[in-house]
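What follows is a short report on a single structure.
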Amino acid sequence: MDSNIKKWTAEFLGTFWLTFGGCGSAVLAAAFPGVGIGLLGVSLAFGLTVLTGAYAFGPISGGHFNPAVSVGLAVGGRFRWAELPGYVIAQVLGAVAAGGVLYLIATGKPGFEVGGFASNGFGELSPGKYSMTAVLIAEVVLTAVFLLVILGSTAKRAQGGFAGLAIGMCLTLIHLVSIPVSNTSVNPARSTGVALFASTGATGQLWLFWVAPIVGAVLGALIYQAVLSDE
C-alpha cells in the first residue's frame, strides 16, 4: 500500500478514536445517573485516546490526530509542509465519522436530546459562560503548551518510548483546566466532528476553534525553536 495512504489512514483512525473516545465519554458517560464519570473521567478519556492512539498509529503517521499539531510540527521543522493538506483532510474526516457514529449511538436512547453534543463554545455555549476573549486566550495558551510538550518529549534527547505517555497526560491536564471554559478544543478536527451534529448552533462559533489552536500551535513551535531546541 502507498505510504501516504497508510499515513492518512492512521491519522483518520487516530482522530476517529480521539473524537469518539473523548466526546463519547462526555455524551454517554459523564452524567450517567449514579455512576457518571464527570469532568475528571472525560479528561482522562481524552488523554487515554491520545496515549493509546500514539502507540498504535504513531509509528505509521507520527500520531498527530490534530490539524493544529500538524501545523505546529511543520513550523517546528518536524513535519513536511507538503504533507499537511493530506493529514488535515484525514483528521477532519476521521473526526466527522466519529461524530456520526456517536450520534447514531446516542440517539438510540429514548428521549435523548442532542444539545451541545460535547461541542466547544464561548458565551452562552461555554459550559461556564466564559467570554469569547477568555476562551480565545485559554485555547491559544493551552495549545501552545501542548506543542511545547510534544516537541520536547519527541526530541532526540528525550527519554525514548515515553512521548506518548507525556503527551496523553498533558492533554488530560489541559482538559482538567479548560472544560469549564470552552469544553476544551485545542484540536480543530475534534471541534468540527461534533459541532456538525450539535443542536446549539455550535458551527457558528467553530471558526474560533480553528483559529485559536492553530495560533497557539504556531506560538508553541516558535518558542521551542527559539529557546529550547538544540537543533
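Position 1 is the first residue of the sequence, and the numbers go up from there.
P188 approaches N66 most closely through the heavy-atom pair CD-OD1, 3.4 Å. Across all non-hydrogen atoms, the minimal contact from S153 to A166 is CB-CB, 4.0 Å. Closest approach of I37 to V42, counting heavy atoms only: CD1-N, 3.8 Å. Minimum interatomic distance between V27 and A118 (heavy atoms only, all atoms of both residues): CG2-CB, 3.9 Å.
Using a 3.5 Å distance cut-off with no hydrogens or angles, the side chains of S182 and N120 do not pair a donor with an acceptor. A donor and an acceptor atom, one from each side chain of T172 and S43, are nowhere located under 3.5 Å apart. With hydrogens and angles left out, the side-chain atoms of R190 and T15 include no donor and acceptor closer than 3.5 Å.
The ring pair (Phe, Tyr, Trp, His ring centres under 6.0 Å) search around F79 returns H64, Y87, not counting sequence neighbours. With sequence neighbours excluded, the residues forming a ring pair (Phe, Tyr, Trp, His ring centres under 6.0 Å) with F46 are H175, listed by chain and number. Annotation: ring pair (Phe, Tyr, Trp, His ring centres under 6.0 Å) contacts of Y224 (sequence neighbours excluded): none.
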For this session: Starting from the C-alpha separation in whole Å, work towards a yes-or-no answer on side-chain contact (heavy atoms from CB on, under 4.5 Å) for L48 and L51.
Result: CA-CA 5 Å; L48 289 171; L51 174 61; 4.1 Å; yes
For this session: Report the C-alpha distance between W17 and V50 in whole Å, list the side-chain angles of each, state the deciding distance to 0.1 Å, and finish with yes or no for side-chain contact (heavy atoms from CB on, under 4.5 Å).
Result: CA-CA 8 Å; W17 180 227; V50 168; over 6 Å; no
Problem set entry | Criterion side-chain contact (heavy atoms from CB on, under 4.5 Å) on V75 and W81, from CA distance to verdict | CA-CA 8 Å; V75 171; W81 285 102; 3.8 Å; yes
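Within 6.0 Å of atom CE in M132, 12 or fewer heavy atoms from other residues, nucleotides or ligands are found, so the atom counts as exposed in its surroundings. By the 6.0 Å contact criterion, CZ on F32 is open, its count of non-hydrogen atoms from other residues, nucleotides or ligands being 12 or less.
A donor-acceptor pair is defined here as one N or O able to donate and one able to accept, closer than 3.5 Å; no such pair exists between the side chain of T200 and the backbone of G116. For K129 (side chain) and E124 (main-chain N/O), a donor-acceptor pair under 3.5 Å exists by modelled atom type. Side-chain atoms of S61 never come within 3.5 Å of backbone atoms of G58 as a donor-acceptor pair (strictly under, hydrogens ignored). N187 places a side-chain N or O within 3.5 Å of a backbone atom of F65 that can act as its donor or acceptor partner. Using modelled atom types, one side-chain atom of S25 and one backbone atom of G22 make a donor-acceptor pair closer than 3.5 Å. Under the 3.5 Å distance criterion, the side-chain polar atoms of S178 are left unmatched by any main-chain donor or acceptor of V181.
Taking the side chain as every heavy atom from C-beta outward, E139 and V186 approach each other to under 4.5 Å. With a 4.5 Å cut-off on side-chain heavy atoms, W8 and L93 do not count as touching. A heavy-atom distance below 4.5 Å is found between the side chains of V71 and L84. At least one side-chain heavy atom of F20 sits under 4.5 Å from a side-chain heavy atom of I105.
A continuous path of ILVMFWY side-chain contacts below 4.5 Å connects L102 to V92, so both sit in one hydrophobic cluster.
Residue pairs meeting the side-chain hydrogen bond (donor to acceptor under 3.5 Å, both in side chains) criterion with at least one partner in residues 89-100, sequence neighbours excluded, are E11-Q91, S70-Q91. Counting only residues at least two apart or in different chains, salt bridge (charged side-chain N to carboxylate O under 4.0 Å, His left out) contacts with residues 81-96 comprise K7-E83, R80-E83. Annotation: ring pair (Phe, Tyr, Trp, His ring centres under 6.0 Å) contacts involving residues 193-213, sequence neighbours excluded, comprise Y103-F197.
With N183 as the partner, the side chain to side chain contact (heavy atoms under 4.5 Å, CB included) test is satisfied by one option alone out of C23, S126, P127, S119: P127.
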